Amino acid sequence: MAAASIAYVGGQLQYGVNFCRGQSFRQADWLPGLTVNGCLQRELSWSYGVSKFLQIHRCKFSQSPASENWKSFRTLTTSAYLRDGSTKYFDFAVIGSGIAGLRYALEVAKQGTVAVITKAEPHESNTNYAQGGVSAVLCPSDSVESHMQDTIVAGAYLCDEETVKVVCTEGPDRIRELIAMGASFDHGEDGNLHLAREGGHSHHRIVHAADMTGREIERALLEAVVNDPNIVVFKHHFAIDLLTSQDGSETVCHGVDALNTETQEVVRFISKVTLLASGGAGHIYPSTTNPLVATGDGMAMAHRAQAVISNMEFVQFHPTALADEGLPIKPKKARENAFLITEAVRGDGGILYNLSMERFMPLYDERAELAPRDVVARSIDDQLKKRNEKYVLLDISHKPREKILSHFPNIASECLRHGLDITRQPIPVVPAAHYMCGGVRAGLQGETNVRGLYVAGEVACTGLHGANRLASNSLLEALVFARRAVQPSIDHMKGSSSDLSASNMWTRPVVPKSLGTDVTNKILRATKEVRKELQSIMWKYVGIVRSTTRLQAAEQKIGELEAKWETYLFEHGWQRTMVALDACELRNLFCCAKLVVSSALARHESRGLHYTTDFPHLEESKRLPTVIFPSAHMMSTWSSRQLHQQSMY
């Protein structure tokens, strides 16, 4: 049996069983074989299947003359990596400066030169906004088996068991490494780490630094990165497209083009190994806990570069973001991203009420407020729709004041700024887009089907989260896979070489200076409006509760909106190779939105985060990952094509 998949056929997305050039990916023990060039081989899991697929995939294809030339390129010395302004040469290019990118950079820097390419300031990542903590088995009464079970149950049994075992087993060591690097976590009165409990967890296993854990981890990692002479951080560099070539039927990654958004210069990074650690795509929705940088850039770039994408229908909506409408003093301007009220508030005894102060979670699930996020988010959504209200209330005020303030100082401070004392009053909350469980499909070492391209963090789909991520498993996954990608990356780097003339292999993107300020501003205004319209479509038709009719409407509306926007661009003189931050972000948002909608339409059941009224139940026969294989036919839209590919019109 092959993995349930979405395959491009004649330019259209179709659902069914698909084999990619004679190979299939596998998922867990309920997929018995990996078909490779007509041969059935017995395998164990998705992870092993991906790794085996890549191994066989690479040894079967013949060498092309271009790839032979590439392999003959001489190795660069360290002093050459900043050769000129527009082209830079590194052993490793890391796209993203969150926990995954920085942890990986610190390890591979021991063996070569590293460029960390980050879209804004280095600290501006989803990691920095993570409040709750990192889950790991650090208590004698807890066990790896228990953490695995909690993860698999939360993931609606779509998780890859081998991946879950690897992450839960290696997690404690990754935490200890962070502590050794200087990360400071909360300790209890007994001197041991204070372990919190969150929804879906059967034990106290969340390591945290008050309610600002991500900020503390980011601080420790950035401090180490800044002090590493082999790492260069390029802030305000927006990754545009991966640089790829074909080696027979295989795609090979050679680096990335980036736009310096401060100087408006396009910089080409040539690297032997590229790690995508660019985070999620929360801004496909109008309300998200993600920072402004989370526009799905890595997922879209990888898709355009022929990487396999998986499980994009599973978008996690955090059940409790601060509802500004319910605050006594409203913010003066709309937030760029929703303020997160961590899962740990419910873990510490917080209770959810509707505006009539009726507790409602026991009506939906026996675990009440400690049910997994998908259950809580759907329950809140149901209450809001039934009662025609804009938010619900989360009350922790029955707990001791000192405990509240010591555990949640950041939340208490933010609410107090708006006239609300959480030690005495309930917090107004509403669900907001929070985390992408799907992404670029990865094996157990973070490898992808594109040679030289590795992934870690939210941009990746490793099989850990299944249909719904367990609270505080995201930072854990990022740490484990960043570390696991290190050795294969170093091996690949040592077996590769680069050439100073390599940068001329691809057409260079250009900034739209030739259009003039007036035209550029018109395009910018139109792009911002289209972005809002796309987000509105996604929230209205592809939200917490879905239906086939609404998903089909979304597919049509998004297609029409994209075509209208692109027509406007090109009628105003925009060229295929032109780049600007807002336009490229929208290009990526369109790409990710279409991947989510197509994947959601393909899943004819309700599982985890994907709930559809047309197929409201779990179907054992549908317990398969959704897979989008590389397109055999190039798509016609700007968002679907790499800028340096030659013909589009």
Side-chain angles (χ1 to χ4, degrees), residues 130-159 161 163-175 178 185-188 192-211 213-214 217 314 316-320 340-352 361-362 364-379 394 396 399 403 407-408 411 434-435 437 462-480 608-609:
Q131 293 180 357
V134 190
S135 59
V137 177
L138 294 163
C139 174
S141 62
D142 198 2
S143 67
V144 168
E145 291 72 25
S146 177
H147 192 183
M148 286 179 63
Q149 181 66 12
D150 291 345
T151 298
I152 290 166
V153 169
Y157 297 91
L158 197 67
C159 308
E161 201 167 324
T163 303
V164 174
K165 185 175 183 179
V166 161
V167 172
C168 294
T169 302
E170 296 180 7
D173 284 342
R174 301 292 82 85
I175 300 290
L178 280 181
F185 299 114
D186 288 0
H187 288 69
N192 294 319
L193 285 169
H194 182 272
L195 302 175
R197 184 183 173 193
E198 295 179 347
H201 288 275
S202 56
H203 290 75
H204 287 76
R205 63 167 71 101
I206 315 301
V207 180
H208 62 99
D211 58 351
T213 309
I217 293 172
F314 300 118
Q316 187 174 80
F317 290 85
H318 198 289
T320 56
L340 178 68
I341 305 298
T342 175
E343 192 102 8
V345 174
R346 286 184 286 118
D348 257 18
I351 297 171
L352 285 163
M361 275 311 302
Y364 295 93
D365 194 283
E366 62 183 12
R367 292 164 291 185
E369 282 78 10
L370 289 177
R373 288 178 180 178
D374 59 322
V375 176
V376 179
R378 269 197 307 277
S379 303
L394 176 60
I396 190 73
K399 294 292 181 179
K403 184 178 179 182
H407 284 193
F408 310 112
I411 294 171
H434 184 57
Y435 188 88
C437 289
T462 66
L464 174 70
H465 306 308
N468 177 37
R469 176 175 70 82
L470 181 65
S472 289
N473 265 4
S474 55
L475 294 180
L476 176 70
E477 179 198 40
L479 282 170
V480 169
L609 298 163

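Source: prediction; values computed, not measured.
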Looking only at non-hydrogen atoms, find the nearest pair between P172 and L138 and report the distance. CB-CD2, 3.9 Å
Which value, rounded to the nearest 0.5 Å, describes the distance between H187 atom NE2 and L195 atom CG? 9.5 Å
Between T163 and L464, which heavy-atom pair has the shortest distance, and what is it? CG2-N, 3.8 Å
Any chance you could measure E198, atom CD, to H204, atom NE2, to the nearest 0.5 Å? 10.5 Å
Under a 3.5 Å threshold, yes or no: a donor from one side chain and an acceptor from the other, between D374 and Q316? no
Distance (rounded to the nearest 0.5 Å) between L352 CG and Y364 OH: 11.0 Å
Can you name the nearest heavy-atom pair linking L470 to G199, along with the distance? CD1-O, 3.7 Å
Results of side-chain contact (heavy atoms from CB on, under 4.5 Å) for S146 - residues two or more places apart only: D142, S143, D150, S202, H203, R205
Please list, chain by chain and in numerical order, all residues satisfying side chain to side chain donor-acceptor pair (under 3.5 Å) with D186, sequence neighbours excluded. H208
Could you give the distance from NE2 (H194) to NE2 (H407), rounded to the nearest 0.5 Å? 4.0 Å
Any heavy-atom pair between the side chains of M361 and R367 that's under 4.5 Å? no
Checking R174 now: which residues fulfil side chain to side chain donor-acceptor pair (under 3.5 Å) with it, not counting sequence neighbours? E177
Residue set satisfying salt bridge (Lys or Arg N to Asp or Glu O under 4.0 Å) with R197, at least two apart, ordered chain then number -> none
How would you list, by chain and number, every residue that makes a side chain to side chain donor-acceptor pair (under 3.5 Å) with T151, sequence neighbours excluded? N473
Applying side chain to side chain donor-acceptor pair (under 3.5 Å), name anything that partners E477, two or more places apart in sequence or on another chain. Y435, T462, H465
Rounded to the nearest 0.5 Å, how far apart are CG of D173 and CG of L479? 11.5 Å
What closest approach, in Å, do I152 and C159 show between heavy atoms, and which atom pair accounts for it? CA-SG, 3.8 Å
Are side-chain heavy atoms of R469 and H434 found at a separation under 4.5 Å? yes
Going through the checks in order, is the side chain to side chain contact (heavy atoms under 4.5 Å, CB included) test met by R346 and V376? CA-CA 11 Å; R346 286 184 286 118; V376 179; 3.5 Å; yes
For G133 and I206, which heavy atoms make the closest approach, and how far apart are they? CA-CG2, 3.8 Å
Do S379 and D365 come close enough that some side-chain heavy atom pair is under 4.5 Å? no
CZ-CG distance between R373 and N468, expressed to the nearest 0.5 angstrom: 8.0 Å
Report yes if the side chains of V345 and I411 come closer than 4.5 Å at any heavy-atom pair, otherwise no. yes
Do you know which two heavy atoms are closest between I341 and H318, and how far apart they sit? O-CE1, 3.3 Å
